[in-house]
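This report concerns only the one structure given below.
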Amino acid sequence: MHVEVKDPDGKVVLSRQYGSEGRFTFTSHTPGEHQICLHSNSTRMALFAGGKLRVHLDIQVGEHTNNYPEIAAKDKLTELQLRARQLLDQVEQIQKEQNYQRYREERFRMTSESTNQRVLWWSIAQTVILILTGLWQMRHLKSFFEAKKLV
Amino acid sequence: MPPRGSRGPLPPLLLVWALAACAARASEITFELPDNAKQCFYEEIAQGTKCTLEFQVITGGHYDVDCRLEDPDGIVLYKEMKKQYDSFTFTASRNGTYKFCFSNEFSTFTHKTVYFDFQVGEDPPLFPSENRVTALTQMESACVSIHEALKSVIDYQTHFRLREAQGRSRAEDLNTRVAYWSIGEAIILLVVSIGQVFLLKSFFSDKRTTTTRVGS
């Protein structure tokens, strides 16, 4: 299986070929939608499995990646300290999410204001175009009919 | 933020996904569902485990999708058509591989992005190796309740983030639609007004007897 991870700007963060089993980790450097693509180029699979591949996928994000028994053993924490560490990790995740939300809200607001501007300018432009074409039509037809000696 | 998974570009190989087959796990995945496509996920669940499936459509069309959950015998436990968001809890009645599918087959040309959260069993305890002989101290039970409260905060944040993504996707759609419509209408206006003038001119230029009165 080939794994490719792209960040929100489209830049490839990770691109590796694994065998039938693999494990990968990455840390995001920009907030936003990351894409994880897995595909298999194996032609052998296509011949035998009848075109279907069942893939076992396990994705863990943020504080779920922490293995608490391991951390307790490594840092030699008491039970209470470990619980406090878990709570700290959770609160950190909440803070990160709220920062991200501020960034998203800004983008949303920019899009809405851009739409607002476009609607405003378009209304003005449309009115101007309408008036100008109306005037042009009248002038053009008037000179045409005068030439035809109808007016 | 849950990452977004996508199917590979090779049509001959259909990938079906199996989630982490563990006694207690939660999997959150946001994936892209192309038009006229169906994506299935499989999970091995032990008997008696309480599971919850929650899904929400984030972008695409009318923001709805078909969902179907089947047990190992093929009995349909949950089936809903064209739902935007739903949550379903069930207890596994037997061991085996449970399957749930999201279908976008009713849509002709819109890709959908669907988020789902499949929770199997309760969260694993922090100290799996210890046998709890003594009761929790006050500090510890305070920590446990804070932990549960923070979990629900994170859960609310996830749903809020998805709602915001949905709103933002609609706003961006609106923005591009306004842009295209403005340009299109300007062109139509000019073409129609110039065309009217020339058509009117053509009415008058062929007649010999110009007795028709002009104007109002």
Side-chain angles (χ1 to χ4, degrees), chain A residues 5 28 31 33-42 45-46 51-59 61 64 68-69 79-80 82-84 86-87 90-91 93-94 97-98 100-101 104-105 107-108 111-112 114-115 118-119 122 125-126 129-130 133-134 136-137 140-141 144-145 148-151, chain B residues 1-10 12-22 25-29 42 126-129 139-140 143-144 146-147 150-151 153-154 157 160-161 164-165 167-168 171-172 174-175 178-179 182 185-186 189-190 193-194 196-197 200-201 204-205 210 214-215:
Chain A
V5 178
S28 56
E33 199 174 66
H34 289 67
Q35 271 191 339
I36 301 176
C37 297
L38 290 90
H39 68 267
S40 175
N41 278 330
S42 177
M45 287 284 180
K52 281 196 188 178
L53 205 64
R54 188 179 287 201
V55 182
H56 172 111
L57 179 69
D58 185 14
I59 301 181
V61 184
H64 294 291
Y68 286 103
E79 191 178 311
L80 209 55
L82 188 69
R83 286 193 190 274
Q86 190 188 38
L87 293 176
Q90 275 189 306
V91 169
Q93 172 150 352
I94 291 171
E97 182 83 28
Q98 290 190 318
Y100 180 45
Q101 194 198 313
R104 284 193 312 267
E105 189 273 337
R107 234 190 88 180
F108 195 160
T111 307
S112 300
S114 156
T115 307
R118 283 184 188 180
V119 167
W122 166 236
Q126 190 182 24
I129 289 177
L130 258 177
T133 46
W136 173 81
Q137 275 184 329
H140 194 88
L141 282 173
F144 172 69
F145 288 133
K148 288 273 174 190
K149 297 194 177 52
L150 288 169
V151 177
Chain B
M1 180 189 145
R4 193 194 210 213
S6 173
R7 275 209 300 197
L10 291 178
L13 279 181
L14 191 71
L15 301 182
V16 294
W17 302 99
L19 301 174
C22 230
R25 269 302 192 182
S27 301
E28 287 183 312
I29 295 185
Y42 300 81
L126 206 53
F127 307 99
S129 51
M139 273 298 264
E140 283 167 1
C143 284
V144 166
I146 294 174
H147 176 68
L150 290 181
K151 262 208 308 204
V153 169
I154 291 175
Q157 277 190 325
F160 183 71
R161 178 184 64 234
E164 188 275 340
R168 192 160 29 96
E172 282 170 0
L174 184 64
N175 200 8
V178 164
S182 317
E185 200 181 326
L189 249 182
L190 288 171
S193 39
I194 295 172
Q196 271 182 335
V197 168
L200 214 58
K201 278 164 79 167
F204 290 98
S205 44
T210 50
V214 175

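Proteins get letters first, then strands, A, B, ... in listed order; numbering begins at 1 in each. Computed from heavy atoms alone, side chains included, the values below leave out hydrogens, waters and symmetry copies.
Residues A:W136 and B:V197 come closest through the heavy atom pair CZ3-CG2, 3.6 Å. Of all heavy-atom pairs spanning B:A171 and A:T115, the tightest one is O-OG1, 4.2 Å.
When the candidates A:E105, A:Q86, A:H140 are compared by the number of heavy-atom contacts under 4.5 Å with chain B, A:Q86 comes out ahead. For the options B:E172, B:E164, B:K151, heavy-atom pairs under 4.5 Å to chain A are most numerous at B:E164.
Contacts of A:T133 with chain B are made by side-chain atoms alone, with heavy-atom separations under 4.5 Å and no backbone atom involved. Both the backbone and the side chain of A:L87 come within less than 4.5 Å of a heavy atom of chain B. Residue contact with chain A, scored on non-hydrogen atoms closer than 4.5 Å, is absent for B:A165. Of the two parts of B:I146, the backbone and the side chain both hold a non-hydrogen atom closer than 4.5 Å to a non-hydrogen atom of chain A. Proximity to chain B (any heavy atom under 4.5 Å) is shown, for A:Q137, by both the backbone and the side chain. Only the side chain of A:L141 comes within contact range of chain B, with heavy atoms under 4.5 Å apart.
Side chains of B:I154 and A:Q93 form a contact here, defined as non-hydrogen atoms less than 4.5 Å apart. Within the 4.5 Å cutoff, no side-chain heavy atoms of B:H147 are placed close to those of A:R83.
Under the 6.0 Å distance and 45° angle rule, A:R104 does not count as a cation-pi partner of A:F108. In this structure, B:R161 fails the cation-pi test against A:Y100, since its NZ or CZ atom is not both closer than 6.0 Å to the six-membered ring centre and inside 45 degrees of the ring normal.
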